[in-house]
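First up is the structure itself, then whatever we jot down about it.
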Amino acid sequence: MGGPGYLEKAQKSIRIYVLSLVFISGLLLIGIWWVVDDYLGYGLIITLVILAGSWLFLSYATGLIIARQVTKPLTAISQAIMHVSPSPLPVPAPQIEKLGMAKELIANLTRQVYDFASRANDANYRLEHNPVDSILQQLPVPIIGLNQEANIVFSNPKAQEYSKSEESLLGKNIYNKFDILFRDGEITLEDWIERCRNNSVTAQKVWHGIRMTTYQEATQYCDIAASYVQKSADSPIEVLLTIFDQTDNYSEEEEGLSFIALAVHELRAPLTILKGYIEVFDEELSDDLDPEMQSFMQKMQVAAENLTAFVGNILNVARVEHNQLSLKLHEEDWKETLSAIVSNMQLRARVHGKTLELTIPDNLPKVGIDKVSIAEVAINLIDNAIKYSPKDKTVIKINAALTTENLIETTIQDFGVGIPETVMPHLFEKYSRNYRNKANITGTGLGLYLSKALVAAHGGNIWVRSKEGEGSIFGFTILPYSQLADKDKSGDNSIIKRSAHGWIKNHSLSRQ
């Protein structure tokens, strides 16, 4: 603020000055005592009175001298401020060279006062001629203005700094300068602008946790606030973007998930061995065990399956977040596939005292699915229904049918605790869980997030209806194989390759 070392030097000179005056006044007081006691020969009482009076006088005089010298730098600063301030009476500039102490500090602060006044005058001039531009230029957050072609027609210094590019942003297309990734299922900036053009004169929108890759492939996370105003002749700006850098906050979440995924990956080998031993024990010993021991064996097997599902969820979420989860869709019989999934879940349901009831017609069309991934979706939903059903609600209904839109819809219905309305809007977000049940029901808050990504990769949708105290119905749709685009098929086996990812690119020309 006052320059490196200037403040310390000023403090040191003031200390030396004050200590010197105190030392001198002490010496004078001692001298007065010596004169009064040895030369004048006054009695003790008179000597004490004279010393007290002398001490008061010296203290007062020393205080006046110190106050006058110490306040001189403050007076100089005040005079510098008054000198540059508009006033009917002109105030001369302070004479810094006549100061006895803190000369360097005051000279530096005075220069800053003059510089600030100069910048303020320039800002006032800009404010008079273009007030909005002046304000936006000074804001401490990146501001970008776009015209109808999505070219940048305005950017403040913070936006240029945020781009990490020395080349000016002006005139460049924002989709070329910034690779903006939105979370899957969320409207992109491009689509939002198009919607505004068709339906609104003015509009605002805020996105949270956006992934943005800038110059030199620097990935950052941010919140973006957009303001749309229908284009007019008065201004070339159609959309004004305000970017709030949240890299420190959001990257912690990403790094945490990557670390967890790495740790969980190491569990796969011992978990596979554990499941193998349990299966061997079940095959070799089940006939020799009493009912209680058989129940223990079943619980061990269910616990191993739960842990396997947990490991799979964590790893797949990490792959989704890094765009590394690839699906291969084949033509399959949905009744056969779903029946096998439900059959495998029966043991888990039985251990928890639940019964799975499956209803599925015979005439469903063949579906295009990745059997492992779609099984993970069904298992997540069925497992949630098991966990969130109380002991007295033993039935979980699973139904599949063909909708009027010619989609195969599968629903899982429980009659459990239900979901609060406040939780519903965030149910398919990462780490979202019902706060009322966190302490009683285990989970990671990743199963529904992953299920949504996998269903979307199959070209379907996932939804939920719920009422507290009455239970929930989760449903998802998948496409008949005949509806899947022929251009997605490859090879003799007609494999359809899809990517399950949690991010979509903003610009349509670069979307996959």
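Residue R348 holds its CZ atom at 9.0 Å from NZ of K387, rounded to the nearest 0.5 Å. Between the CG atom in L329 and the CD1 atom in I374 there is a gap of 8.5 Å [rounded to 0.5 Å]. Of the inter-residue distances, the one linking Q220 atom CD with F178 atom CZ reads 8.5 Å to the nearest 0.5 angstrom. Note that OG of S163 is 6.0 Å distant from NZ of K177, once rounded to the nearest 0.5 Å. Between the CG atom in N147 and the CG atom in N173 there is a gap of 8.5 Å [rounded to 0.5 Å]. Once rounded to the nearest 0.5 Å, the distance linking CG of N344 with CD1 of I379 reads 7.0 Å.
Closest approach of V206 and A225 over heavy atoms only: CG2-CB, 4.2 Å. Residues D370 and K328 come closest through the heavy atom pair OD2-N, 3.1 Å. Taking every heavy atom of both residues into account, T403 and E409 meet most closely at CG2-CB, 3.5 Å. A385 approaches I412 most closely through the heavy-atom pair CB-CG2, 3.9 Å. For the residue pair G471 and S466, the shortest heavy atom distance occurs at O-OG, 3.2 Å. When all heavy atoms are compared, the tightest approach of E238 to Q148 is OE1-CA, 3.4 Å.
By the side-chain hydrogen bond (donor to acceptor under 3.5 Å, both in side chains) test, W192 pairs with no residue at all, sequence neighbours left out.
Residues I386 and I396 meet the side-chain proximity criterion, which asks for heavy atoms closer than 4.5 Å. Two residues are said to be in side-chain contact when any heavy atoms from C-beta on lie closer than 4.5 Å; T242 and I224 fail this criterion. M424 has its side chain within reach of V464: a pair of non-hydrogen atoms, C-beta onward, lies under 4.5 Å apart. Contact annotation: the side chain of I210 never approaches that of I243 to less than 4.5 Å [non-hydrogen atoms, C-beta and beyond]. By the 4.5 Å heavy-atom criterion applied to side chains, L338 and T410 are counted as neighbours. At a threshold of 4.5 Å between non-hydrogen side-chain atoms, the residues L402 and W334 do not count as touching. Contact check for L241 versus L189: side-chain heavy atoms found under the 4.5 Å cut-off. Side-chain contact check for K452 versus L454: every heavy-atom pair is 4.5 Å or farther apart.
For the pair D223 (side chain) and F244 (backbone), a donor-acceptor distance under 3.5 Å is absent. A donor-acceptor distance shorter than 3.5 angstrom exists from the side chain of N199 to the backbone of R195, with no hydrogens or angles considered. Judged by distance alone, with hydrogens and angles left aside, the side-chain atoms of Q160 form a donor-acceptor pair with the main-chain N or O of E167 at under 3.5 Å. Of the possible donor and acceptor atoms, none in the side chain of D414 sits under 3.5 Å from a partner among the backbone N and O of Y388.
Partner of Y162 under the side-chain contact (heavy atoms from CB on, under 4.5 Å) criterion, out of D245, V141, I143: D245 alone.
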Checklist entry - Between S373 and H458, does a side-chain contact (heavy atoms from CB on, under 4.5 Å) hold up when you go through it step by step? => result CA-CA 9 Å; S373 298; H458 281 80; 4.1 Å; yes
Checklist entry - Does the pair L146 and F154 meet the rule for a side-chain contact (heavy atoms from CB on, under 4.5 Å), with working shown? => result CA-CA 7 Å; L146 307 178; F154 172 86; over 6 Å; no
Next on the checklist: For a side-chain contact (heavy atoms from CB on, under 4.5 Å) check, start with the C-alpha distance between I419 and E468, then their side-chain angles and the critical distance, and finish with the verdict.
Outcome noted: CA-CA 5 Å; I419 304 169; E468 283 192 89; over 6 Å; no
Item to check | Working for side-chain contact (heavy atoms from CB on, under 4.5 Å), residues E376 and L450 | outcome: CA-CA 9 Å; E376 192 164 358; L450 177 61; 3.2 Å; yes
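For the residue pair W207 and T188, no side-chain donor N or O sits within less than 3.5 Å of a side-chain acceptor on the partner.
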